[in-house]
Amino acid sequence: MTTTEQAPAPATGPDGAARPAGRGTRRLLAALAGLPAAAVALGVAELVAASVGPASSPVVAVGDTVITLVPEPVKQFAVATFGEDDKVALVVGTLVLVGLYAVLVGLVSLRSRRTGVAGIALFGAVGALAAATRPAGGPLDALPSVVGAGAGVVALLLLVAPLTVPAPRSDDEAVTDRRPGAPPTADRQGAGMDRRRFVLTGAAALGAAAVAGGGGRLLQRRFDVSGARGDLTLPTPSSPAAALPPGADLAERVEGLTPLFTPNRDFYRVDTAITVPQIRPADYRLELTGMFDSPRTYTLADLFDRDDVVERDVTLTCVSNEVGGGLAGTARWTGVPLGALLRENGVSDRSDQLVCRSADGMTIGAPTRAALQVEDAMIAFGMNGEPLPVEHGFPVRMLIPGLYGYVSACKWMTSIEATTYDAFDAYWVQRDWAAQGPVKVASRIDTPAPLRRFRAGRRPIAGVAWAQTRGIARVEVRVDDGEWREAELAPAVDADVWRQWRLPFDFAPGSYQLTVRATTADGEVQTGERARPFPNGASGLHSIRVIAT
Ligand SMILES: Nc1nc2c(c(=O)[nH]1)N[C@H]1C(S)=C(S)[C@@H](COP(=O)(O)O)O[C@H]1N2
Ligand SMILES: [Mo]
């Protein structure tokens, strides 16, 4: 038996000298080598992104690009499966793919370093391309990926080196054999391995990656605008929201019912942004372009200082909301009337579409007519008495009651172009969602909760219903196959606000099918015909099974 065949022997002696290694072990370690190399690449990229901007991070940029490229059904599946954690799922998914790729690159570089290096370069190129071609991106955004890939290459070469040191013919000759220019015993089969050096290099690489990545993320916080947001004071509206009728919020008396106003922290969030745009109030500009006679550009102070600041209560809903779903919320918004601003600037009556652009490159196409005619359409900067939360569009967004968010509620809005539907398809329309998105009348049962057992006896069935701009006139509930029974409505707040309702019911022990339907103030009875959210909003009645014991 020769030394080379002593399989279980440690690859590194107590003196750290190389020992021959089996092919399997070497492959395993090479595969593992890819991971710290990838970690170094990503960590260094985060560090560089701290000077360029958070959205230039390759993970974020690739994730953003994936979001814009994946087919709509896949996206809908992701939203349905992960809900509002869809972006976390995407980032985790991206990292898992990077990990697999890194393992492959590690393996390949055992055979050919050049191919391994090319593998990392390709990885860097993908990140660079994704970052630089984002709608709001530029060439500089490629820098984190490029520098990160460079660091990854260095790490990979340092990690693979100890896996193919020349093998000793015997323990005594080990050191001699490792001299430069030693006889070429280090062919692939006969090569030795310096396991200790590999482990130390790997640990050093992981440490460096953690420091660079963690430090980078920390430094990226300097882009955070939450401090500047906290320093802002909203202007006092010249037209405050109408006083609420007494007992306006039915939820104070009905447990489990959705509150009339949704606290900001509970407000649903739907957008394509992995990193939320951070716009400093002092740098903010709202630019009007396109078919205006005399378009001007507004600063945040220009908007705050206007004498027509209004405060309005409006329910916002998402086209992706399923029947009975939670992508709806109500807030008291502060802002400037949209119609007044458009008219002042001489919007052309040939414009039928306003293309709103956001700091992250999103385009949202809203009908000009609704912007001009819907009474409480506004350019909003306040939400429930605070400046807009950063995730909800700080510092400025648009709102048009009666339209789904994807055709009206542009967040982080930096420009409004007056144009036509013929001239431009906005982001969602390019993805085959309907160009027009009027809100469909909807109603939802909040309590009792489906399939959760409760004690038999008298208790309210309750929920909310909405048909913004039209208002809700009636809500009816059907128990099993019985008659429709009219529910009691909360006092009307505004046609743009959802309406809470309740119907007390005597539950004997047993199971019940509860169904709700609403009727708008202009007489439309909510249809039972089921439609999926795509392409213009779900329809159908919310119906749940409940169990009394
Ligand atoms: N910039 C930007 N604005 C956006 C979106 C987006 O992805 N990016 N999504 C829209 C959609 S689909 C909806 S329903 C609303 C959601 O607003 P919210 O997150 O404040 O609830 O924002 C709209 N405005
Ligand atoms: Mo939406």
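Each ligand, and each atom within it, is numbered from 1 in the order the structure gives. Start at 1 with the first residue, then count along the sequence. The analysis underlying the following values was restricted to heavy atoms, covering all of them including side chains, and did not include hydrogens, waters or symmetry mates.
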For ligand 1, does Ile364 get within less than 4.0 Å through its side chain, its backbone, both, or neither, judged by non-hydrogen atoms? side chain

I need the atoms of ligand 1 closer than 4.0 Å to a non-hydrogen atom of Cys318, numbered in the order shown. 14 (S)

Is ligand 1 under 4.0 Å from a heavy atom in the side chain of Val319, in the backbone, in both, or in neither? neither

Nitrogen or oxygen of Thr272 less than 3.5 angstrom from that of ligand 1: yes

Tyr268-ligand 1 polar pair, N/O distance under 3.5 Å: yes

Please check if the distance between the ring centroids of Phe534 and Trp433 is under 6.0 Å. yes

Below 3.5 angstrom, do we get any N/O pair linking Thr317 and ligand 1? no

Among Asp349, Leu342, Leu338, which residue satisfies the side-chain contact (heavy atoms from CB on, under 4.5 Å) criterion with Leu372? Leu342

Which residue holds the protein heavy atom closest to atom 9 (N) of ligand 1, what is that atom called, and what is the gap in Å? Val270 O, 3.1 Å

Backbone or side chain, does any N or O of Lys411 fall under 3.5 Å from an N or O of ligand 1? yes

Please confirm whether Asp271 comes within less than 3.5 Å of ligand 1 when only nitrogen or oxygen atoms on both sides are compared. no

Taking only heavy atoms of Met362 into account, list the atoms of ligand 1 that are under 4.0 Å away from them. 1 (N), 2 (C), 6 (C), 7 (O), 8 (N)

Face-on cation placement of Arg221 at Phe223 ring, 6.0 Å and 45° thresholds: no

Proximity flag Met413 to ligand 1, non-hydrogen atoms under 4.0 Å: no

Got an N/O contact under 3.5 Å between Tyr406 and ligand 1? no

Under 3.5 Å between some N or O of ligand 1 and some N or O of Ala409? yes

Looking only at protein heavy atoms, what sits closest to atom 22 (O) of ligand 1 is Arg397 NH2, 3.5 Å

